[in-house]
Amino acid sequence: MSFPLLTATAALPAIGAIATAAVPAARRTAAKWLALVVSLATLVLAGVVFARFEPGGDRYQLTESHAWIKDFGVRYELGVDGIGVALLALTALLIPFVILAGWHDADPLETNSSRWRPTQGFFALILMVEAMVILSFVATDVFLFYILFEAMLIPMYFLIGGFGDRAHSGSDENAAAQRSYAAVKFLLYNLAGGLIMLAAVIGLYVVAGSFSLSEIAEARANGSLDMATSTERWLFLGFFFAFAVKAPLWPLHTWLPNAMGEATTPVAVLITAVVDKVGTFAMLRFCLQLFPEASKWATPVILVLALISIVYGALLAVGQRDIKRLIAYASISHFGFIVLGIFAMTSQGQSGATLYMVNHGISTAALMLVAGFLITRRGSRLIADYGGVQKVAPVLAGTFLIGGLATLSLPGLAPFVSEFLVLVGTFSAYPVAGIIATVGIVLAALYVLVLYQRTMTGPVREGIGGMPDLKVRELAVALPLIALLIFLGVFPKPLTEVVDPAVQHTMHDVQKKDPQPEVEAAK
């Protein structure tokens, strides 16, 4: 039997989480280094997975299949396609930066030595989330995916509710109450989606007699799976609702600004750059593959919801006074672009949507983590408390600017490629939707540039004059992310050549072909 590489890639951070949690209380630094080393080792394994994946090979590669719950036909079944391998690599790449950026976020509060923030638990929870997200990207058994989809809520709940942002304005009691509210709201929204999905998972098993993606696909191909149109549509809605909550898509988005605002900055990155990608990924893998006819039936409504997310999220970002909530609403707008590309049902749109997931993860991590360094120095998340930062901390201001320019999809930076493909793919099939979506580009330039102007330029405000520039640990977080944004902005081929064949499989599942351009014949 070949080496179970996918299992090893997910098991390593899970084992590391247990080991980190078991480090003695007084050895906080040792726990941090252990978590960092484990995350780097996981990145190496993810690199091996990426290198061994053959874009022109089978749809699912490095497969593993073992009986799990025989009486119900549940199997521990794994396999990675081009979309999954790209997101697996993104997850493994970002976690070391999340750990480095949160190096001191769970240390004991110096102002009150009687209060203890369990450092070991903080980093152990991050590693556990990584393990579950990686497994969710490679699970090809629907029930196994559902278990992971729900289980990752538990460590995320404790990360949001137990480790809040120290830059919260107001009393400690008020901060704790808002943090608790954000954590509970996050949990309830996602649990509601998960419960509806559970009903759909059970319904799928009743109809198909299997949880295996490969078996269901084979049954569809040979005509042995007879699923009534109404049944397929109801099952699709059950799956899509859960994924739209996780994504998040308007109007199921309201938990995200609360969660990102009250969580520590690294946890906010974990939410929007890693965990939320499971929702949009699952739309491609499960909604389109399992329910192709229902996906096409629901497309007009989903495109409208995606457009509302794009414009609504961008408009609210323009009006924000809180830096972290601004980035949260910007992410809602960006997820609208991702969903738009998926359901445009064109190869350019779906390739762009997949690249958008990866590039949004990198750009949001860069912007949010640098913003976190800024907030930590000033002790405030309010935009009005900043001004003139570029005069006292030019490197911090410069990295913040590049992260912001990537967020607005400036040509030459990675998100531009993905956003361009989404718009081209959408416009070729739905011209009106493509035109409306461009409003989000204009608004993105507005909220990013206004944010930079208000925080970084102008006279140096009180409390900013003695602000230190980025330190070595912080540079180790920001510079590699910025370098990657530039590299993928000018040379996206390493991702596109992996993603494009997987997108063609998805297009085949929904029996869609790219619209042919109408070219007037030469006279």
Side-chain angles (χ1 to χ4, degrees), residues 59 81-84 86-87 213 216-217 220-221 227 229 232-244 246-247 249-250 277-311 333-360 417-438 440 495-496 498-518:
R59 180 172 191 173
D81 63 354
I83 299 170
L87 294 173
L213 275 176
I216 296 173
R220 276 193 175 279
M227 188 182 301
T229 300
E232 180 176 342
R233 290 178 179 180
W234 280 111
L235 294 179
F236 167 85
L237 290 175
F239 277 79
F240 180 80
F241 181 84
F243 303 152
K246 182 84 79 178
L249 185 69
W250 184 92
K277 298 301 186 297
V278 176
T280 46
F281 161 80
M283 291 179 189
L284 278 166
R285 170 165 284 187
F286 296 100
C287 287
L288 270 61
Q289 186 173 345
L290 293 175
F291 315 110
E293 292 303 321
S295 297
K296 290 185 284 188
W297 162 75
T299 289
V301 175
I302 295 173
L303 291 181
V304 171
L305 296 179
L307 291 173
I308 294 174
S309 290
I310 291 170
V311 178
S333 181
H334 295 149
F335 275 105
F337 276 106
I338 295 171
V339 175
L340 185 70
I342 292 172
F343 283 90
M345 302 286 186
T346 61
S347 59
Q348 299 100 325
Q350 292 188 358
S351 293
T354 304
L355 291 179
Y356 214 128
M357 290 186 234
V358 176
N359 294 333
H360 171 265
V417 179
S418 45
E419 193 165 280
F420 178 78
L421 285 173
V422 166
L423 290 174
V424 169
T426 302
F427 188 83
S428 64
Y430 303 94
V432 175
I435 293 170
I436 295 173
T438 57
L495 285 178
T496 56
V498 169
V499 166
D500 287 348
V503 166
Q504 293 304 319
H505 285 296
T506 304
M507 292 288 289
H508 176 75
D509 290 335
V510 294
Q511 298 180 350
K512 294 283 286 186
K513 294 183 178 179
D514 291 331
Q516 296 299 315
E518 297 181 4

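What you see is a predicted model, and the numbers here were worked out from it, not measured in a lab. Hydrogens, waters and symmetry mates are skipped; everything else that's a heavy atom, side chains included, is used.
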Item to complete: Starting from the C-alpha separation in whole Å, work towards a yes-or-no answer on side-chain contact (heavy atoms from CB on, under 4.5 Å) for L290 and L213.
Response: CA-CA 8 Å; L290 293 175; L213 275 176; 3.5 Å; yes
Worksheet entry | Candidate list H505, R59, H508, test side chain to side chain contact (heavy atoms under 4.5 Å, CB included), partner Q289, passing option | R59
Worksheet item: Does the side-chain contact (heavy atoms from CB on, under 4.5 Å) test come out yes or no for V339 and L305, once each step is laid out?
Response: CA-CA 9 Å; V339 175; L305 296 179; over 6 Å; no
Worksheet item: Does the T438 side chain pair with the main chain of I435, one donor and one acceptor, at a distance under 3.5 Å?
Response: yes
Item to complete: Begin from the C-alpha positions of Y430 and T299 and carry the test side-chain contact (heavy atoms from CB on, under 4.5 Å) through to its verdict.
Response: CA-CA 11 Å; Y430 303 94; T299 289; 3.5 Å; yes
Worksheet item: Going through the distances and angles, do T280 and L284 end up as a side-chain contact (heavy atoms from CB on, under 4.5 Å)?
Response: CA-CA 7 Å; T280 46; L284 278 166; over 6 Å; no
Item to complete: Output the distance between atom CZ (F236) and atom CZ (F243), rounded to the nearest 0.5 Å.
Response: 9.5 Å
Worksheet item: For A437 and F337, which heavy atoms make the closest approach, and how far apart are they?
Response: O-CZ, 3.4 Å
Worksheet entry | Distance in Å, L355 CG paired with L421 CG, rounded so as to fall on 0.5 Å steps | 6.5 Å
Discussion item. In the structure I gave you, are the side-chain heavy atoms of L288 and Q350 within less than 4.5 Å of one another anywhere?
Written reply: yes
Fill in: Parallel, tilted or perpendicular, as decided by the 30° and 60° cut-offs, for the rings of Y356 and H360
tilted
Worksheet item: Just by modelled atom types, is the I83 backbone N or O under 3.5 Å from a matching donor or acceptor in the T354 side chain?
Response: no
Worksheet item: What distance separates I302 CD1 from K296 NZ, expressed to the nearest 0.5 Å?
Response: 13.5 Å
Fill in: M357 side, atom CE; F281 side, atom CZ - distance, nearest 0.5 Å
8.5 Å
Worksheet, complete the sentence: Closest non-hydrogen contact found for S428 with T346 is OG-CG2, 3.9 Å
Discussion item. If I compare all heavy atoms of S295 with all of C287, which pair ends up nearest, and what's the gap?
Written reply: OG-O, 3.0 Å
Discussion item. Quick one: does any side-chain atom of S351 pair with a main-chain N or O of Q348 as donor and acceptor, under 3.5 Å?
Written reply: no
Worksheet item: If you round to the nearest 0.5 Å, how far is CE of M227 from CZ of R233?
Response: 13.0 Å
Practice prompt. Kindly give the heavy-atom pair with the smallest separation between G352 and S418, and that separation in Å.
Written response: O-CB, 3.4 Å
Worksheet entry | Side chain E232, main chain E293, donor-acceptor under 3.5 Å | yes
Worksheet entry | Distance-minimising heavy-atom pair for G440 and I310 | CA-CG2, 3.7 Å
Worksheet item: Under 3.5 Å, side chain of S309 to main-chain N/O of W250, donor-acceptor pair present?
Response: yes
Worksheet item: Tell me, do F427 and V424 make a side-chain contact under 4.5 Å, heavy atoms counted?
Response: no
Fill in: D81 side chain reached by R285 side chain, heavy atoms, under 4.5 Å
yes
Worksheet entry | Within-4.5 Å side-chain heavy-atom neighbours: M507 and V503 | yes
Fill in: Closest approach of A247 to M283 (non-hydrogen atoms, all atoms of both residues)
CB-CE, 4.2 Å
